[in-house]
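Below you'll find the structure, written out as structure tokens, and then a few comments.
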Amino acid sequence: IYGIGAFGLAQRLGIPQSEAKAFIDAYFEEYPGVKDYMEQAKAEAREHGFVKTLFGRRCYVPEIASKQPARRAYAERQAINAPIQGSAADIMKRAMRNVDRALRTENSDVRMLLQVHDELVFEVPEKAVESARVLIKAVMEAAAELDVPLVVDVGAGSNWGVAH
């Protein structure tokens with residue numbers, strides 16, 4: 001939801017603005033912690049000029065004090081989104097580093113080829129698929145300690161499409 005207003009939601013869903021507002025109000029009533037988080041993120045950005053990921057990486061929000069309402073609103077959405085998306089990126093980078101180290105330690109023939117959003121793609125000899133699956137899953141799930149489980153799904157196939 002990242003700070004979308006009734007007008008924007010109404011446009012995206014093709015519904016009346018009053019219905020969109022009712023939906024947003026109901027959402028925040030059900031999940032008041034989300035609203036608290038959003039306000040805290042905007043306040044942090046206003047105070048410091050940046051917000052932080054779970055691992056302390058700074059995400060700068062220079063337009064947070066803009067006199068232009070549209071630029072300021074965009075910066076507020078960035079302040080809300082950056083810690084979430086940035087933390088996800090941090091976790092993925094940690095997972096990549098840790099998997100690479102684990103594969104080197106195992107003297108594995110498995111090669112990490114690329115990252116696509118929240119996925120890693122590997123080239124794995126057919127005889128090593130199951131052991132690679134176990135190792136990669138375990139290492140990736142241990143990339144961060146969160147209040148919720150970090151769950152990794154592993155697919156295998158002769159190409160990326162089949163692996164999904």
Original post:
In terms of hydrophobic clusters joined by side-chain contacts under 4.5 Å, are Met96 and Leu135 together?
Top reply: yes
**OP:** Give, for atom OG of Ser108 and atom CZ of Phe122, the distance between the pair rounded to the nearest 0.5 Å.
**Re:** 9.5 Å
Original post:
Considering only heavy atoms from C-beta outward, does the side chain of Pro83 approach that of Thr53 to under 4.5 Å?
Top reply: no
**OP:** Verify side-chain contact (heavy atoms from CB on, under 4.5 Å) between Lys35 and Tyr27, making sure each step is shown before the conclusion.
**Re:** CA-CA 9 Å; Lys35 182 86 165 170; Tyr27 176 85; over 6 Å; no
Which atom pairs, one a donor and one an acceptor, fall under 3.5 Å between side chains of residues 141-150 and the rest of the protein, sequence neighbours left out?
residue, atom, partner, partner atom, Å
Glu141, OE2, Lys137, NZ, 2.7
Glu141, OE2, Val152, N, 3.0

Original post:
Less than 4.5 Å apart, any side-chain heavy atom of Val124 and any of Arg133?
Top reply: no
Original post:
Within the side chain of Gln115, is there an N or O that forms a donor-acceptor pair under 3.5 Å with the backbone of His117?
Top reply: yes
Original post:
Is the backbone of Leu54 close enough, under 3.5 Å, to the side chain of Ser87 for a donor and an acceptor to pair up by distance?
Top reply: yes
Subject >> Residues clustering with Val134 (ILVMFWY side chains joined when closer than 4.5 Å, directly or via others) >> reply: none
**OP:** Flag the pair Leu120 / Met92 as yes when at least one side-chain heavy-atom distance between them is below 4.5 Å, and no otherwise.
**Re:** yes
Subject >> Shortest non-hydrogen separation from Val129 to Ala156 and the atoms involved >> reply: CG1-CB, 3.9 Å
**OP:** Name all residues meeting the ring-ring contact (aromatic ring centres under 6.0 Å, His included) criterion together with Tyr60; count only those two or more places apart in sequence or in a different chain, and write none if there are none.
**Re:** Phe50
Subject >> Residues Asp90 and Arg94 bridged, charged N to O under 4.0 Å >> reply: no
**OP:** Answer yes or no: are there more than 12 heavy-atom neighbours, outside Arg97 itself, under 6.0 Å from its atom CZ?
**Re:** yes
**OP:** Kindly compute the distance separating SG (Cys59) from CG (Asn81), expressed to the nearest 0.5 Å.
**Re:** 9.5 Å
Original post:
Which pairs count as salt bridge (charged side-chain N to carboxylate O under 4.0 Å, His left out) when at least one residue sits in residues 14-24, sequence neighbours excluded?
Top reply: Lys21-Asp25
**OP:** First locate atom CD of Glu47, then atom CD of Gln40, and finally report the distance between them rounded to the nearest 0.5 Å.
**Re:** 11.0 Å
Subject >> In one Ile/Leu/Val/Met/Phe/Trp/Tyr side-chain cluster, 4.5 Å: Leu113, Val110 >> reply: no
Original post:
Does Glu123 reach the side chain of Met112, with side-chain heavy atoms less than 4.5 Å apart?
Top reply: no
Original post:
Is any side-chain heavy atom of Phe28 closer than 4.5 Å to a side-chain heavy atom of Met38?
Top reply: yes
Original post:
Within the side chain of Tyr37, is there an N or O that forms a donor-acceptor pair under 3.5 Å with the backbone of Ile80?
Top reply: yes
Original post:
Under the side-chain contact (heavy atoms from CB on, under 4.5 Å) criterion, do Glu44 and Glu39 qualify, and how do the steps go?
Top reply: CA-CA 9 Å; Glu44 181 181 343; Glu39 294 305 320; over 6 Å; no
Original post:
What salt bridge (charged side-chain N to carboxylate O under 4.0 Å, His left out) pairs are there with at least one residue in residues 65-76, not counting sequence neighbours?
Top reply: Arg46-Glu76, Glu63-Arg71
Tell me which donor-acceptor pairs under 3.5 Å the side chains of residues 6-17 have, and how far apart each pair is, sequence neighbours excluded?
none

Original post:
Going hydrophobic residue to hydrophobic residue with side-chain gaps under 4.5 angstrom, can you get from Val51 over to Phe55?
Top reply: no
Subject >> Met140-Ile91 co-clustered via ILVMFWY side chain contacts under 4.5 Å >> reply: no
Subject >> Straight-line distance of Asp109 CG to Leu103 CG, nearest 0.5 Å >> reply: 10.0 Å
